[in-house]
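Below is one structure; the comments refer to it alone.
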Amino acid sequence: MKIATWNVNSIKARLPNILEWLHDSSPDVVLLQETKTVDEGFPAMEIGDMGYNIALHGQKTYNGVAILSKYPIEDVERGLPGNDDDDQARYIEALIASPDPIRVASIYVPMGTEVGSEKFAYKLNFLNWVITRFETIFASGEAAVMGGDYNITPDDDDVYDPEKLHETVLCSTIERKKLRTMMNIGYTDAFRTFNTAGHQYSWWDYRAGAWNKDNGLRIDHLLLTPAAADRLSASGIDRDPRAKEKASDHTPVWCLIDDA
DNA sequence: ATGGTAGTCTCACTA
């Protein structure tokens with residue numbers, strides 16, 4: 001089963017690119033972030049026609065997450081359990097009812113704007129709720145793929161210019177510690193398992209010719225419970241969508257989960 | 001300390 005995560009930066013603006021990518025790469029499950037629309041505005045017919053079931057947790061203008069699946073989608077959870085006061089649509093989780101069922105989540109971690117800012121505090125608080133959820137799912141023992149835009153570079157190897165960006169947002173020690181805490185529960189970074197070379201990115205700023213200079217960051221991740229990691233056979237970053245006209249600033253990260 | 005670009009019920013805000 002091929003599972004991918006992609007921050008599309010508006011499902012409406014990106015629809016032709018997304019349909020083309022679904023056709024070309026044929027993922028079984030897609031975890032989308034920054035759909036930027038209420039559920040009524042989601043292009044469900046066009047994507048449904050490609051053979052996908054859809055679960056949505058959208059909002060107007062900002063945020064918005066979704067799960068697409070060629071298999072039935074069950075037990076949909078919208079928002080992080082326990083974090084009920086959060087009105088930002090940044091988390092959706094569900095069970096993919098394939099022959100070997102697998103839990104998935106699409107997570108859009110707040111960017112945080114600047115280290116020490118109010119938005120940065122919101123980011124750290126959000127991450128604490130993610131950690132709590134990760135602990136619960138880990139304890140269940142089930143196979144799970146927690147994918148999304150984490151807005152954190154795990155290491156300096158994941159940064160085009162670590163000196164320039166030292167201790168800035170997306171690269172700070174405090175954020176990386178939160179990500180380490182998640183990993184130390186017992187989750188596996190699917191991409192790193194098969195790609196040990198550094199400086200392979202999933203996001204490039206629209207500005208300053210970042211894509212052409214390969215000035216990117218690796219901030220989109222697929223984190224797997226042991227039961228999922230045991231079945232992991234490949235993972236990669238699909239750079240093609242970032243090179244297209246009207247591209248998102250992020251590109252898909254994918255993994256293959258073998259049958260149990 | 002600033003600029004660069006893209007998206008959105010826009011002329012401001014978020015990323």
Side-chain angles (χ1 to χ4, degrees), chain A residues 5-21 30-44 46-47 56-66 79 86-92 106-127 130 147-154 158-161 163-172 174-176 178-179 201-221 237 239-253:
Chain A
T5 181
W6 191 10
N7 179 324
V8 291
N9 184 22
S10 170
I11 190 80
K12 292 177 188 170
R14 215 64 59 215
L15 187 59
N17 298 37
I18 291 167
L19 294 177
E20 185 181 13
W21 175 76
V30 185
L31 311 169
L32 297 173
Q33 302 88 40
E34 276 208 276
T35 53
K36 291 189 169 179
T37 178
V38 293
D39 295 351
E40 293 72 30
F42 194 94
E46 292 88 336
I47 288 173
L56 299 171
H57 183 36
Q59 75 179 79
K60 194 175 114 170
T61 310
Y62 301 118
N63 310 313
V65 284
D86 196 344
D87 58 357
Q88 299 192 22
R90 296 178 174 275
Y91 185 93
I92 186 170
S106 178
I107 310 171
Y108 177 40
V109 174
M111 194 273 270
T113 307
E114 191 177 355
V115 174
S117 67
E118 197 173 310
K119 288 193 173 75
F120 191 78
Y122 173 73
K123 178 179 195 172
L124 297 180
N125 183 58
F126 184 92
L127 288 166
V130 173
D149 175 3
Y150 284 78
N151 267 319
I152 303 172
T153 55
D158 303 304
V159 181
Y160 72 94
D161 188 342
E163 285 186 27
K164 179 185 170 190
L165 298 178
H166 181 69
E167 291 299 343
T168 60
V169 73
L170 316 185
C171 304
S172 73
I174 186 165
E175 293 163 79
R176 286 177 175 174
K178 293 292 182 195
L179 194 59
Y201 311 123
S202 65
W203 171 85
W204 299 258
D205 202 304
Y206 283 122
R207 300 166 291 187
W211 166 249
N212 289 322
K213 292 185 255 185
D214 199 26
N215 285 348
L217 303 175
R218 192 171 72 92
I219 55 177
D220 301 271
H221 310 298
I237 295 172
R239 292 168 61 99
D240 292 349
R242 186 62 181 83
K244 307 251 184 215
E245 289 294 310
K246 292 278 286 181
S248 169
D249 45 354
H250 297 252
T251 212
V253 180

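Everything numeric in this text was worked out from a predicted model, so none of it was measured. Note on naming: letters A, B, ... go to the chains in the order of the sequence lines (proteins, then strands), and numbering restarts at 1 for each one.
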Rounded to whole Å, how long is the line connecting atom [atom1] of [X] with atom [atom2] of [N]?
X      : N      : atom1 : atom2 : answer
A:R90  : B:dT14 : CZ    : P     : 11 Å
A:E118 : B:dA15 : CD    : P     : 13 Å
A:L170 : B:dA15 : CG    : P     : 11 Å
A:E114 : B:dC13 : CD    : P     : 16 Å

Inter- and intrachain pairs under salt bridge (Lys or Arg N to Asp or Glu O under 4.0 Å), touching residues 118-127 of chain A, at least two apart: A:K123-A:E175
Can you name the side-chain contact (heavy atoms from CB on, under 4.5 Å) partners of [X], sequence neighbours left out?
X      : result
A:K164 : A:Y160, A:D161
A:A89  : A:H57, A:Q59
A:D214 : A:Y201, A:W204, A:R239
A:S10  : A:K12, A:A13, A:K36

A:D39 side chain vs A:G58 backbone, donor-acceptor pair below 3.5 Å: yes
Sugar-phosphate only, base, or nothing, as touched by A:R242 at under 4.0 Å among non-hydrogen atoms: nothing
Touch class at under 4.0 angstrom, heavy-atom based, for A:S248 against every strand present: nothing
Span that lies between the [atom1] atom of [M] and that of [N], in whole angstrom:
N      : M      : atom1 : answer
B:dT10 : B:dA15 : C1'   : 15 Å
B:dC9  : B:dT14 : P     : 15 Å
B:dG4  : B:dT8  : P     : 22 Å
B:dG7  : B:dC11 : C1'   : 14 Å
B:dT5  : B:dA1  : P     : 23 Å

Footprint string (nucleotides 3-11 of chain B, 5' to 3'): B base within contact, S backbone only, - free, heavy atoms under 4.0 Å: -BBSSSS--
Among A:T153, A:T251, A:N7, A:D249, side-chain hydrogen bond (donor to acceptor under 3.5 Å, both in side chains) partner for A:W203: A:D249
